[in-house]
Protein chains: 2
Amino acid sequence: MDVSTLPPPEAHESDTCAVVRAILARVGDKWSILIVRMLGDGSMRFSELRRSIEGISQRMLTLTLRNLERDGLVARTVTPTTPPRVDYELTDLGHSLQSITEAFGRWAVTHRDQIENARLRFDARQ
Amino acid sequence: MDVSTLPPPEAHESDTCAVVRAILARVGDKWSILIVRMLGDGSMRFSELRRSIEGISQRMLTLTLRNLERDGLVARTVTPTTPPRVDYELTDLGHSLQSITEAFGRWAVTHRDQIENARLRFDARQ
DNA sequence: ATGTGCTGGTTACGATCAGGAACCGAAAGA
DNA sequence: TCTTTCGGTTCCTGATCGTAACCAGCACAT
């Protein structure tokens, strides 16, 4: 989340490296991908997201949603009722990321045990 | 990179949320994905990686490789010559992640402009 | 009238982490 | 002897994460 701008113009052709890095800096943090995954099933309001993404704080949810909105992955809709209602949904750009986040989710669940075992083995070796 | 352990046993069934979060915390940072992408083409030695992943510091390369090794995604081979030679290559587990990192790389390159534009529009609105 | 709850945030602050720069030993080459 | 290469490590600073507290606005109950 530290890279404030996308790579400079001179890196225009094919240094995938810098592009991937800059985009990952935004989209690659743990909350962003989780939120994209949750919103894949349809729009959700703020507190709904907060309840379904366990472990996220209000602050991080706000910040992450704001960044996703800034990058055009998520759209924010305010309905000025009482109490106010704020809905978030994926934009087309956000939807285009869906297949990747889903693939990642499947990979994570499938290989979870392997990673945990590798980690235990590594730590035992030290 | 802050979550030190994988999710506790009680979260065993299907709270994909915690699993994805814990795994992303390790694998989802910008350097890890870039390294997996680089190693996808074959094994590389330390300084080779440092030169080809522009912008990475020696320290972050060391740390990230260590974590990837710990999680069983990367194998480290030391050849005790002078100067020492250390090669890194993907394990089978690491290779299983390849298609995802490649898909992400393609997505990043393809949608780079859209993100940059969305960001400019958002900032202009404030 | 007064308290309590829900909404979607914001602020303050301490812990944690990323990242840069400098340093390291050993050996080869000039 | 001085420099370079190799793969690290150590120190330090500034950014970031995350927790807890606070906020306004309104409904409903006491």
Side-chain angles (χ1 to χ4, degrees), chain A residues 1-5 7 17-18 20-22 24-35 38-39 43-71 74-89 126, chain B residues 1-5 7 17-18 21-22 24-35 38-39 43-70 74-89 126:
Chain A
M1 292 292 210
D2 50 325
V3 178
S4 58
T5 52
C17 206
V20 171
R21 183 151 55 95
L24 258 171
R26 291 278 161 191
V27 145
D29 68 301
K30 55 181 185 236
W31 300 125
S32 294
I33 289 202
L34 282 173
I35 289 177
M38 297 309 295
L39 292 180
S43 87
M44 285 196 185
R45 51 192 304 190
F46 186 87
S47 49
E48 210 173 345
L49 278 169
R50 188 182 25 160
R51 275 188 298 266
S52 57
I53 301 180
E54 56 169 332
I56 196 169
S57 65
Q58 223 162 4
R59 181 178 171 273
M60 286 317 292
L61 183 54
T62 305
L63 285 178
T64 310
L65 283 170
R66 200 83 76 219
N67 276 326
L68 289 174
E69 189 194 355
R70 186 166 109 102
D71 288 352
V74 156
R76 181 173 182 268
T77 316
V78 183
T79 316
T81 56
T82 54
R85 178 191 179 95
V86 182
D87 286 282
Y88 293 91
E89 61 182 332
Q126 305 310 318
Chain B
M1 288 290 209
D2 50 324
V3 178
S4 58
T5 51
C17 206
R21 184 152 55 96
L24 255 173
R26 293 276 162 195
V27 145
D29 69 302
K30 56 180 183 236
W31 301 125
S32 294
I33 290 201
L34 282 173
I35 289 176
M38 297 309 294
L39 292 179
S43 87
M44 284 196 187
R45 51 193 303 192
F46 186 87
S47 48
E48 210 173 344
L49 278 169
R50 186 179 28 157
R51 276 188 297 266
S52 57
I53 301 179
E54 55 168 332
I56 197 170
S57 67
Q58 225 162 4
R59 182 179 170 273
M60 287 318 291
L61 183 55
T62 304
L63 286 178
T64 310
L65 283 170
R66 198 86 74 218
N67 277 325
L68 289 174
E69 190 195 356
R70 186 166 109 100
V74 155
R76 181 173 182 266
T77 314
V78 182
T79 315
T81 57
T82 53
R85 177 190 179 94
V86 182
D87 287 282
Y88 293 91
E89 61 182 330
Q126 304 311 318

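Letters A, B, ... are given to chains in the order of the sequence lines, protein chains preceding strands, and every chain is numbered from 1. For the numbers below, each heavy atom of this structure counts, side chains included, while hydrogens, waters and symmetry mates do not.
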d([atom1], [X]; [atom2], [N]) in whole Å:
{"X": "B/L34", "N": "C/dA18", "atom1": "CG", "atom2": "C1'", "result": "15 Å"}
{"X": "A/R50", "N": "D/dT19", "atom1": "CZ", "atom2": "C1'", "result": "14 Å"}
{"X": "A/R45", "N": "C/dT7", "atom1": "CZ", "atom2": "P", "result": "6 Å"}
{"X": "B/I56", "N": "C/dA18", "atom1": "CD1", "atom2": "P", "result": "12 Å"}
{"X": "B/D29", "N": "C/dG19", "atom1": "CG", "atom2": "C1'", "result": "13 Å"}
{"X": "B/R66", "N": "D/dG7", "atom1": "CZ", "atom2": "P", "result": "12 Å"}
{"X": "B/R21", "N": "D/dC17", "atom1": "CZ", "atom2": "P", "result": "14 Å"}
{"X": "A/L63", "N": "D/dT16", "atom1": "CG", "atom2": "C1'", "result": "10 Å"}

Open item on the list: Which is more 5' along DNA chain D, the nucleotide nearest B/P83 or the one nearest B/T62? Just name the residue.
Closed with: B/P83
Task: Along DNA chain D (nearest heavy atom to each residue), the more 5'-positioned of B/V78 and A/G55 - done: B/V78
Does a side-chain N or O from [X] land closer than 4.0 Å to OP1 or OP2 of [N], or not?
{"X": "A/R76", "N": "C/dG9", "answer": "yes"}
{"X": "A/K30", "N": "D/dT16", "answer": "no"}
{"X": "A/W31", "N": "D/dC17", "answer": "no"}

Side chain of [X] (C-beta onward), nearest among [options]:
{"X": "A/F46", "options": "D/dC26, C/dG9, D/dG18", "value": "C/dG9"}
{"X": "A/T82", "options": "D/dC26, C/dT7, C/dA27", "value": "D/dC26"}
{"X": "B/S57", "options": "C/dG9, D/dG7, C/dG20", "value": "C/dG20"}
{"X": "B/M60", "options": "C/dG8, C/dG19, C/dG9", "value": "C/dG19"}

- [ ] Confirm from the modelled atom types if B/Q58 and C/dG20 form a donor-acceptor pair under 3.5 Å, side chain to base only.
- [x] no
TODO: Start with the C-alpha gap between A/T62 and A/F46, add the side-chain angles, then the distance that decides, and say whether side-chain contact (heavy atoms from CB on, under 4.5 Å) holds.
DONE: CA-CA 8 Å; A/T62 305; A/F46 186 87; 3.6 Å; yes
Open item on the list: Nearest 0.5 angstrom please: A/L65 CG to A/L63 CG, how far?
Closed with: 9.5 Å
- [ ] Measure the spacing between CG of A/L68 and OG1 of A/T64 and express it to the nearest 0.5 Å.
- [x] 6.5 Å
Open item on the list: Quick check: do A/R45 and A/D87 have side-chain heavy atoms less than 4.5 Å from each other?
Closed with: yes
Open item on the list: What I'd like to find out is whether the side chain of A/I56 reaches to under 4.5 Å of the side chain of A/L49, using heavy atoms alone.
Closed with: no
Open item on the list: Nearest heavy atom decides the nucleotide; on that basis, is A/L65 or A/R59 closer to the 5' end of DNA chain C?
Closed with: A/L65
